[in-house]
Structures are given as C-alpha cells and as structure tokens.
Amino acid sequence: MHMRSRKKGILMVLLLSMTVISACKGETKSPEALSPGPLLSPGYAVNDPGRLQEREQIERFVRTRMMGTDGIYTNFKDTEQKAEVATGHELLSESSSLYMRTAARTAEKKEFDEAWTSARKTFEQDWGFSYRYSPKWKKRFPVGASVDELRLLRALYEAGEVFQDPTYTKEADQLGERFVRYHVRDGKLRDFYDSTAGVTNGFLTLCYADMRTLWQFPATVEPKKLVEDTLATVEGGYLSDSFPFYETRYNYETQRYESEGIRTVESLLTILHLTEMGREKDTSIRFIKERLADGALYGEYSRTGEPMNRVESTAIYALVGMIAAERDDPTLYNMAVERMEAYRVTKESSALFGGFGNDQLDEAYSFDNLMALLAYTY
C-alpha cells in the first residue's frame, strides 16, 4: 500500500468519477482553541536502543538499495518509467521530503544537507518543486504537490530547531512565501500547481493539509488565518462517530465533500495533521485502537466503515505510530510499530533484507520504507 494513487489524481483530476457528499459533519471548535503541539515529538524510538537497531536496518536498506545519484527510487524494481504514475527508479519529491525529515530528526546534518542539495537540484523550479522526475527520460514533471512541498519545508523547520541554525528556518520562511503564491488561491490551500497552465486546482485533498507546517510560516503570509480556514475545511470532512475517519477532498467550487472510497493512509494522515494541532477526535483514536486490538486496519473502507479489501501496509502502522507519539501514548506507539515490523524482510539472502516489501516480487516502495523510517524518529 502506498500513495501513488494520489499522484495519479494530480494528473487526471478532471477524469475522476466522484461521488458527491453533502458538507460539514461533526462538532466545530472555535479557532481560539488552536493549540499546536511542539515541532518535535517525544522520540520514543530515538531513545530506545532496541528501536535504534530496527531504524538502522531500514536506514541501511534505503541508503544502499533504494538510493541513486539523483535521489530515492520510487520502487526497488525498475520499469520503463512511462506510466501515468511514478514507477521503478523514478524519483518523487515526496521521498526526498520524508528522508530529509528523518535526517533532521536524528540530527544527521551531513545527510540532511546532502539530501536537501539533491532535492533542489532534482526537483526545484522557479515556482516550487516538481513532484516527479524520470532519470531514464530526463523528464521533470511540471506539477507541484502541496503536501510534498510542505513536507520539505517542515524538514527545514525541524532542521533549524535540531541543529540550532536559523539559516534553515530563514530559508523555509522564504520558500513558504513562494509556496503561498502558487499553492494558495482566494485564501484557500489547493492540492497542486500546474506550471504549464499556470493554474491551481479547485479542491483540497484533506490529507494534504499539513497545518503544523503552515503554522510555522512567516507573518507576511498570515499563517494563522490560513490555518484556521484550512482547519475548518478539514474538520468538516469528519464522517461520523461510528466511522470516525475523513472524506477524501473538499471541492471549493461546489462547496461539497467528495470520496470514492475512504483510503486508510489518507485518513490517518489527516488525523496525524489534526493531532499535531491538538484537534484530533477521541473517537478516531478509539477506533484505531479497537481495530488494532481486533487484528488489523485495512487499506480502504466504505463510507460506513465496511472494509473494501483485506490489505494491510507498512505505511498504515507507521502513521499510527506517529499519531501515538504526537499524543504521547507509548502503548499505542509500540503496538503500531510491532504490527509494522511484520512487513520487514528478514531473510538475509534477499535483496530486500532489512527493508519493507515483497521479496517474492522484488518490490519495495519508497513511501512504505520511508514512512517506517520516519516512524522510528518519533
């Protein structure tokens, strides 16, 4: 399970067959109740010798088997790199941003600086960061995804704090001002910027709303107002107390929420972003705990909470671990990480040894591996 499907949505947004759902549900809290958590979470794994060994294994796999001269491969197994979504040894700014956050949070300055230099060289344009690059075809895609760029900026803000170096923070502030110019229209955060057409899209995919990073932006872009407006949109996508996940997107033009199915990775990312702002719902956390206690969280659900498949993934449990750390819940954190570890390749003769993937197919996706690696920094 990984997030290639959302990249396809960037390129094929007008082709989506959308089920339109009426607007806001769930309680609404006043903006004055905003209480963003600290930029850096408690660090259960970083301070645990046992977890350190697990992190070092996956770190070694990523650095030796998933990394090329221009960045981190989307998949261990290469392809012709001609699909509508990133495949094989294509590179994603998503991957660079996740790796940079890991390097910052583990205080590896050399690795962080090298990754940032590489990310700028591979993805940066005058308007922001391309979401995708094909080394085989020397093609940099003319579209930037807000969720990926916000994560790059989060990494810079975290680096500024960890390394006690205001240079990183200043750079993040400057890039944040540029981000707002291209990814915010009419005061609303959008999914992507298309540099060929010079336009943004007309909706917000809720899991793109990294409000903790927006909160760090300089006063020149009025971050508090942007966060308040974005928060209201995200919170309005709450489904129900019986199935406390979130709609997929909010269409600004129709003023309605839309979902084809409720993907667990997307809802968990939304819940993580809300948790970072102190705005997660207890019903969501209880639901997650109950599902883990019962056996599993599956990859996709209907809007009423029925599993659409029986697929589990590394990224699902990595995200639960991050949510648990943000809530200072070590029991849930350890439960999630133990479930995540079930997907690690432990056969020493495998090319994927130490990583997370399918050694029968030689497939290991960057998103799963980097989310697991990031979870070990929380």
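Given the structure is predicted, the values throughout are model-derived calculations rather than measurements.
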ask   = What side-chain hydrogen bond (donor to acceptor under 3.5 Å, both in side chains) pairs are there with at least one residue in residues 347-361, not counting sequence neighbours?
value = none
task = State the CD-OG distance between E94 and S366, to the nearest 0.5 angstrom.
result = 6.0 Å
With the side chain counted from C-beta on, respond yes when [X] and [Y] share a heavy-atom pair under 4.5 Å apart, and no when they do not.
X	Y	answer
R101	L152	no
L370	I58	no
L204	R190	no
W116	D113	no

key: Sequence neighbours excluded - ring pair (Phe, Tyr, Trp, His ring centres under 6.0 Å) pairs with any residue from residues 151-176   = F112-Y168, F163-Y168
remark   = In short, ring pair (Phe, Tyr, Trp, His ring centres under 6.0 Å) pairs touching residues 68-106 with sequence neighbours left out are Y73-H89
message = Can you list, by chain and residue number, the hydrophobic cluster partners of Y193 when the side-chain cut-off is 4.5 Å?
response = W127, Y182
key: ILVMFWY clustering at 4.5 Å (side-chain atoms), partners of W137   = none
message = Would you say the rings of Y378 and Y376 are close, in the sense that their centroids are separated by under 6.0 Å?
response = no
request  = Could you tell me which residues satisfy side chain to side chain donor-acceptor pair (under 3.5 Å) with D70, sequence neighbours excluded, listed by chain and number?
outcome  = none
query = Hey, does the Lys NZ or Arg CZ of R132 hover above the aromatic six-ring of F141, less than 6.0 Å from the centre and inside 45° of the axis?
reply = yes
Has [X] got a side-chain atom pairing as donor or acceptor with [Y]'s backbone, closer than 3.5 angstrom?
X	Y	value
T102	L98	yes
T264	Y298	yes
E222	A219	no

